[in-house]
Visitor: 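One structure is given below, represented as structure tokens, and several questions about it will come after.
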Amino acid sequence: MKFALITGVTSGIGRATAIMLAENNYNLILTGRRNEQLDALKREIEVKYKRDVLTLNFDIRSKESVDKAIDGLTERWRKIDVLVNNAGLAVGLNHIQDGDVDDWERMIDTNIKGLLYITRKVAPMMIERGKGHIINIGSIAGTQVYENGNVYCASKHAVHALSQGMREDMLKHNIKVTEIRPGMVETEFSLVRFKGDQEKAQSPYHGLVPLFAEDIADAILYVVTRPEHVCINDMEITPIAQANAFYVFRK
Ligand code: NDP
Ligand code: 8X3
């Protein structure tokens, strides 16, 4: 039985990953801010898959909260085999001169600093055990920059750089680092980006079949089930109707 810690499981990719790893014999540490969804997912997994689940309810932007939650883990839960750095968001879609500084801070604090806070606490536990696997959920926005995407793209470029840096730093510790860069995935992502505007949130998916959260969970399952000596470094995944951040084919 293995242990995985997944950040941001209250919806989308994180939730689908929790379910898929539970189906595949993982006990889980699940984190997010919405406690009701966290509790419901814990119950679902315990009842349906008979796995042990620990929920940690904190805002990943708070270093104090991250430290307190991870420092509070008992010995059993400190044996983390897989860390999925998934929690993240895009807020707003504006030219740089019109950007909302609060939106920028939310993206930078969550996508970059939050990922760093968690990794800083979990990586030493993996190093102590001489094994582990860190999976960073980046984005196609981590290697490509589109108009209005400025700060979100910058935050995911940081995840791309950090993934490469972590892989180098973790090399002698036998710890795998994988970056997964999805294109368009239908989750709550667009609803958050467009601040609750349902109509705008649906617009990216008109006339095409997007990826679903389960498609990314499936990729995560693939990378964690490779033989010990194999590390999948990078994966870029788009729906068949999306070539990259710029070209999309709509019917
Ligand atoms: P969702 O909005 O459905 O899920 C995002 C998750 O992140 C939620 O569980 C949310 O939980 C959590 N989260 C956000 N902010 C915080 C915070 N401050 N502290 C703790 N948890 C937080 O979107 P996705 O599932 O699509 O997004 C998951 C990851 O995938 C993100 O990193 C995103 O950038 C990336 N991605 C998404 C793509 C897409 O098209 N959907 C494409 C490429 C990458 P809660 O609100 O309860 O805290
Ligand atoms: C989400 C994909 O293209 O909206 O990271 O930036 S995109």
Side-chain angles (χ1 to χ4, degrees), residues 1-62 65-66 68-70 72-90 110-111 114-115 118-119 121-122 125 132-137 139 178 180 182 184-193 196 198 201-202 205 209-225 235 237 239:
M1 186 71 73
K2 290 191 165 185
F3 288 78
L5 188 161
I6 309 167
T7 64
V9 300
T10 56
S11 68
I13 294 169
R15 181 184 153 78
T17 303
I19 291 171
M20 208 168 279
L21 291 185
E23 276 172 344
N24 286 275
N25 287 331
Y26 277 82
N27 289 321
L28 298 167
I29 304 172
L30 303 179
T31 88
R33 285 171 304 178
R34 285 169 289 173
N35 217 9
E36 208 177 304
Q37 281 89 335
L38 267 185
D39 285 347
L41 183 59
K42 174 180 161 75
R43 272 195 305 279
E44 181 181 338
I45 290 174
E46 285 172 344
V47 171
K48 212 161 161 188
Y49 305 107
K50 315 278 181 240
R51 305 287 170 244
D52 293 342
V53 179
L54 179 73
T55 54
L56 298 175
N57 179 214
F58 61 81
D59 187 325
I60 203 167
R61 292 172 294 178
S62 159
S65 305
V66 171
K68 193 171 161 213
I70 305 297
L73 291 176
T74 59
E75 209 45 51
R76 174 167 193 253
W77 288 102
R78 296 174 79 82
K79 298 187 172 70
I80 297 167
D81 298 286
V82 173
L83 165 64
V84 184
N85 278 318
N86 166 74
L89 77 179
T110 311
N111 301 354
L115 179 146
I118 287 277
T119 305
K121 295 304 286 185
V122 175
M125 297 176 188
H133 194 162
I134 299 171
I135 298 165
N136 294 329
I137 305 302
S139 166
T178 301
I180 297 185
M184 209 183 280
V185 192
E186 190 169 6
T187 61
E188 291 182 12
F189 178 84
S190 283
L191 203 57
V192 174
R193 168 171 262 174
Q198 294 275 0
Q202 273 307 309
Y205 315 122
V209 180
L211 293 173
F212 301 105
E214 290 71 21
D215 298 317
I216 304 306
D218 185 48
I220 292 172
L221 180 64
Y222 174 78
V223 304
V224 300
T225 49
M235 261 194 190
I237 310 170

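As the structure is a computational prediction, the values presented were derived from the model and not from experiment.
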Visitor: Quick check: does any side chain N or O of R193 sit under 3.5 Å from a backbone N or O of A90, one acting as donor and the other as acceptor?
Guide: no
Visitor: Measure the CG-OG1 distance between L30 and T55 for me, rounded to the nearest 0.5 Å.
Guide: 7.5 Å
Visitor: Can you find a heavy atom in the side chain of T31 that is under 4.5 Å from one in the side chain of I60?
Guide: no
Visitor: Pair E188, R15 - check salt bridge (Lys or Arg N to Asp or Glu O under 4.0 Å), show working.
Guide: CA-CA 11 Å; E188 291 182 12; R15 181 184 153 78; over 6 Å; no
Visitor: Does a side-chain heavy-atom distance below 4.5 Å link V9 with L28?
Guide: no
Visitor: Roughly how far, to the nearest 0.5 Å, is CZ of R34 from OG of S11?
Guide: 4.5 Å
Visitor: Measure the spacing between CD1 of I6 and OG1 of T17 and express it to the nearest 0.5 Å.
Guide: 5.5 Å
Visitor: What heavy-atom pair brings T187 and Y205 nearest, and what distance separates the two atoms?
Guide: N-OH, 4.2 Å
Visitor: If every non-hydrogen atom of K50 is compared with every non-hydrogen atom of V47, which pair is closest and at what distance?
Guide: NZ-O, 2.8 Å
Visitor: Under 4.5 Å between any side-chain heavy atoms of M125 and K79, yes or no?
Guide: no
Visitor: Passes side-chain contact (heavy atoms from CB on, under 4.5 Å), R76 versus D52? Steps please.
Guide: CA-CA 11 Å; R76 174 167 193 253; D52 293 342; 2.6 Å; yes
Visitor: Is a side-chain donor or acceptor of S65 paired with a backbone partner of D59 at a separation under 3.5 angstrom?
Guide: no
Visitor: Let me see the working for T119 and N85 under side chain to side chain donor-acceptor pair (under 3.5 Å), right down to the final yes or no.
Guide: CA-CA 8 Å; T119 305; N85 278 318; 3.0 Å; yes
Visitor: What are the two closest non-hydrogen atoms of E186 and P210, and how far apart are they?
Guide: OE1-CG, 3.6 Å
Visitor: Sub-3.5 Å donor-acceptor pair from the side chain of N111 to the main-chain atoms of L89, do we have one?
Guide: yes
Visitor: Hey, does the side chain of N27 reach the backbone of V53 with a donor-acceptor pair shorter than 3.5 angstrom?
Guide: no
Visitor: Hey, mind stepping through V224 and L21 against side-chain contact (heavy atoms from CB on, under 4.5 Å) and telling me if it holds?
Guide: CA-CA 9 Å; V224 300; L21 291 185; 4.1 Å; yes
Visitor: Determine whether V185 and D215 make a side-chain contact, defined as any pair of heavy atoms from C-beta on separated by less than 4.5 Å.
Guide: no
Visitor: Which heavy atom of A219 sits nearest a heavy atom of M235, and at what distance?
Guide: CB-SD, 3.7 Å
Visitor: Quick check: closest heavy atoms across S190 and A201, and the distance to 0.1 Å?
Guide: CB-O, 3.3 Å
Visitor: When you look at K2 and N25, which way does the side-chain contact (heavy atoms from CB on, under 4.5 Å) test go after all the steps?
Guide: CA-CA 7 Å; K2 290 191 165 185; N25 287 331; over 6 Å; no
Visitor: Check whether any side-chain heavy atom of K68 lies under 4.5 Å from a side-chain heavy atom of F58, and answer yes or no.
Guide: no
Visitor: Quick check for you: to the nearest 0.5 Å, what is the distance between D81 atom CG and L5 atom CG?
Guide: 11.5 Å
Visitor: What's the separation between atom CZ in R43 and atom CG in L38, rounded to the nearest 0.5 Å?
Guide: 11.0 Å
Visitor: Identify which one of I13, I220, N136, L115 satisfies the side chain to side chain contact (heavy atoms under 4.5 Å, CB included) criterion when paired with N86.
Guide: I13
Visitor: Taking the side chain as everything from C-beta on, heavy atoms only, tell me whether E44 gets closer than 4.5 Å to I19.
Guide: yes
Visitor: To the nearest 0.5 Å, what is the distance between CE (M20) and OH (Y26)?
Guide: 13.0 Å
Visitor: Start with the C-alpha distance between N24 and T225, add both sets of side-chain angles, then the distance that settles side-chain contact (heavy atoms from CB on, under 4.5 Å), and finish with yes or no.
Guide: CA-CA 10 Å; N24 286 275; T225 49; 5.9 Å; no
Visitor: Can you find a pair of side-chain heavy atoms, one from L191 and one from Q198, that are under 4.5 Å apart?
Guide: yes
